[in-house]
Number of protein chains: 2
Amino acid sequence: MAGELIADRVVVEDPAEGSTLHNRGFFGRPRPGGGLELDLLEAIYLVEADRLAVRRKGRAVSARELFRAASTAIESFEIRYLVYRDLRQRGYVVEARGGAVDFQVYPRGGAPRKTPSRFWVRALSERAVFDLAELLERAEEAAGVRKTLLLGLVDEESDLTYYSVREAHPRGHRPSERPKGRIVVHFLGDRAVVIDEHEAQALHAAGFFGKMIGRRLQLSLLETAYLAKEGFVEVRNGETDRPIRLARLIKEAEAVQPDFELRLRAYEDLIARGVISKTGFKYGSHFRAYEGDPETHHAKYLVHVVPRGHRGAWPEISRAVRLAHGVKKQILFGEVGEDVRYVKLERVRP
Amino acid sequence: MAGELIADRVVVEDPAEGSTLHNRGFFGRPRPGGGLELDLLEAIYLVEADRLAVRRKGRAVSARELFRAASTAIESFEIRYLVYRDLRQRGYVVEARGGAVDFQVYPRGGAPRKTPSRFWVRALSERAVFDLAELLERAEEAAGVRKTLLLGLVDEESDLTYYSVREAHPRGHRPSERPKGRIVVHFLGDRAVVIDEHEAQALHAAGFFGKMIGRRLQLSLLETAYLAKEGFVEVRNGETDRPIRLARLIKEAEAVQPDFELRLRAYEDLIARGVISKTGFKYGSHFRAYEGDPETHHAKYLVHVVPRGHRGAWPEISRAVRLAHGVKKQILFGEVGEDVRYVKLERVRP
């Protein structure tokens, strides 16, 4: 088969050759007068597969020339091509798509304009910015038309990792009892403690707060701030025994943990969803989150939160997804704005 | 048993009572005139175990008072106490130690001044700064006297994770062949490619460089910079075909990857050690590193590098150690200064 390179297209003039290419794999767009028009991703893929030879003005176009034409015409050509090629090699019919999504992918055996497409795919370099707000928007659009949004991340060595992106709505069965009696909490700078054994046990029993260490109950700063805010406990200075007000407590907490208010917002949101959350320190994320009693349940989620507008780095995200997968938990990335929204990223093999 | 709280000590006057405490667990230091002197970590631990009652001037000291005295007298009392208590509960004899290490820990069944101690332990809050230079120094000191340096990291919920710290000296069996012939590499902004199939195969065969994608060889920016620096390849612009000089290549690489020179230093150091390193993107670290051919070996290490003087956050380190453990690799943290030094952190259960 031979095609003519014209600007950023390759045109196969011969109608029979055009049909053959189109009928095996739905490459190109048939031209009104006969023949086929291919974009450069398609053309390079077909050249690599020995199904096409490209010429310009009667002269053969070398691999290097074709490659340069594509690099010039298509933004991030190499990244897009790697994802295009990989999906094609996996047996999918792939169509370039304008706008914020790079490809529309049909199920194996499906055909454009006959079968609905299955995936929307974005090709991204690992050096691209991780933009949670944008992912949420794209995932919502995709879900609205029953597509799965996939990201094809290309690393420095051109290895590909696919992530599915879905909005998540975590829910749990947290009892919402109010602890009984007057409970005094002593603030220790980076945590807090209930020293009285009876008060400690009452608070611990009321809603999975804190952790018993011997006869004392250790509370995290988040738990302490939440309990103080709800009026469930009275907070005092651990050395002087003097009362500490909520605003002061939050200020001190921020000194040791600058993103404290962000975490507190997410902690409260998870409590409102009935989810019990504990620190995710051991997993390097903000929370591990349970649907029920942490003593008897495994944590279902790891939750990492960022403020609205946050722009992060993909290698960190990649690491968090892999880690969650290794410990059989789902990873949620929470965006804290006026409300808190969660995206679930999963490593998939399409 | 009764002890008297005097400033930051608890003194057991009765010689028989003192001996009993000291003989079961080596608590306290015997006083010249008989009796025993306990520090507040020991005293609180013994009170919690119902082996001691503390008084001051004939009056019982409450849990709350004792706790306040300890918080005032001992810096980061709560963190230290949690580690002390945990090690004691695991059956170790633990002695407070001055200076940069908190505790000296004897093997089970061992005794101070009879058995050499086994671990040096530092108690750290997860909010402490991760200071690689200091860890290297401590690990070297500990190794010099045949101790294992352990870090006891206390998270927000008072859960404990122990890490052993050792200097590492990675070595591999990388062949150091010079690729034959003149090889042209086209630079694409965030990676590079050898388009000529024969040149591609020659370079790939010479030392595990790059990755064959169809008939082209994809090179990472690090590989490209290394190969150009060694004079193994000629780098050209992917669109214009014009030669690109090394300084320019590094400048462009830094635009997409601000820590490029740091990574290149570590990459070169690993090559000099015979280690083959590829991107650690999928693991969220800088490199995965092989002792032999990456096609036939599993990566033994994940390597994360920081510049000398770097001060980081423990949750990130914690995440990296856990991830490496999950994929059965060792994690090395490399400090890039005049030379490159590596620390191996391992999660352990002492």
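Note that these values count all heavy atoms, side chains included, but never hydrogens, waters or copies made by symmetry. A note on names: the letters A, B, ... follow the listed sequences, proteins ahead of strands, and every chain is numbered from 1.
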Next item on the list: Under 4.5 Å heavy-atom distance to chain A, tell me which part of B/T161 shows up: side chain, backbone, both or neither.
Entry: side chain

Note to self: Please classify the contact of B/I213 with chain A as side chain, backbone, both or neither, using a heavy-atom distance under 4.5 Å.
What the structure shows: both

Note to self: Please classify the contact of B/V321 with chain A as side chain, backbone, both or neither, using a heavy-atom distance under 4.5 Å.
What the structure shows: neither

Next item on the list: Could you have a look at B/A49, B/G189, B/G284, B/S125 and say which one has the most heavy-atom pairs with chain A under 4.5 angstrom?
Entry: B/G284

Checklist line | chain B contacts, top residue of A/D241, A/V327, A/D196 (heavy-atom pairs, under 4.5 Å) | finding: A/D241

Check: For the candidates B/L219, B/T240, B/I317, B/L82, which exhibits the highest count of non-hydrogen atom pairs separated by less than 4.5 Å from chain A?
Finding: B/L82

Note to self: With a 4.5 angstrom heavy-atom cut-off, is it the side chain or the backbone of B/E156 that approaches chain A, or both, or neither?
What the structure shows: both

Check: Given that the side chain runs from C-beta out, which part of B/L221 has a heavy atom under 4.5 Å from chain A: side chain, backbone, both or neither?
Finding: both

Margin query: Tell me if the NE2 atom of B/H297 is crowded by more than 12 foreign heavy atoms within 6.0 Å.
Written below: yes

Check: What is the minimum heavy-atom distance between B/R85 and A/G214, and which atoms define it?
Finding: NH2-N, 2.8 Å

Next item on the list: Identify which part of B/S62 has an atom lying under 4.5 Å from any heavy atom of chain A, answering side chain, backbone, both or neither.
Entry: neither

Check: Are the side chain of B/R191 and the backbone N or O of A/D155 linked by a donor-acceptor pair below 3.5 Å?
Finding: yes

Item checked: Which portion of A/E78 sits near chain B, non-hydrogen atoms under 4.5 angstrom -> side chain

Next item on the list: Between chain A and each of B/E316, B/Q257, B/E126, B/E48, count heavy-atom pairs under 4.5 Å; write down the option with the most.
Entry: B/E126

Notebook entry, point to check: What are the two closest non-hydrogen atoms of B/S318 and A/F281, and how far apart are they?
Noted result: OG-O, 3.1 Å

Notebook entry, point to check: How long is the span from the CD1 atom in A/I44 to the CZ atom in B/R216, to the nearest 0.5 Å?
Noted result: 6.5 Å

Next item on the list: Would you mind checking which part of A/F67 comes under 4.5 Å of any heavy atom in chain B, side chain (CB onward), backbone (N, CA, C, O), both or neither?
Entry: side chain

Check: How about A/K278 and B/D159: do any of their side-chain heavy atoms sit closer than 4.5 Å?
Finding: no

Notebook entry, point to check: So, A/D50 and B/R215, do they make that salt bridge, N to O below 4.0 Å?
Noted result: yes

Checklist line | Under 4.5 Å from a heavy atom of chain A, the part of B/V194 involved | finding: neither

Check: So which of A/E223, A/R288, A/Q89, A/H325 has the biggest tally of heavy-atom pairs under 4.5 Å with chain B?
Finding: A/R288

Next item on the list: Could you check which of A/G326, A/S76, A/G280, A/G238 has the highest count of heavy-atom pairs closer than 4.5 Å to chain B?
Entry: A/G238

Note to self: Need one label for A/L188: side chain, backbone, both or neither, based on atoms under 4.5 Å from any heavy atom in chain B.
What the structure shows: side chain

Item checked: Which atoms of B/L222 approach chain A - backbone, side chain, both or neither, heavy atom under 4.5 Å -> both

Checklist line | Minimum-distance pair of heavy atoms, taken over all atoms of A/T279 and B/E157 | finding: N-OE2, 2.7 Å

Check: What are the two closest non-hydrogen atoms of A/R64 and B/V184, and how far apart are they?
Finding: NH2-CB, 4.4 Å

Next item on the list: Please state whether the side chain, the backbone, both or neither of B/K211 comes within less than 4.5 Å of a heavy atom of chain A.
Entry: side chain

Item checked: Region of B/H186 that comes under 4.5 Å of a non-hydrogen atom in chain A -> side chain

Check: Under 6.0 Å from the CZ atom of B/R90, do we count more than 12 heavy atoms belonging to anything else shown?
Finding: yes

Checklist line | Which portion of B/Y81 sits near chain A, non-hydrogen atoms under 4.5 angstrom | finding: side chain

Notebook entry, point to check: Would you find more than 12 non-hydrogen atoms of other residues, nucleotides or ligands less than 6.0 Å from A/H204 atom NE2?
Noted result: yes

Checklist line | Exam field: side chain A/R322 to backbone B/K282, donor-acceptor pair closer than 3.5 Å | finding: yes

Checklist line | Test item: A/R68 side-chain N/O and B/E239 main-chain N/O as donor-acceptor pair under 3.5 Å | finding: yes

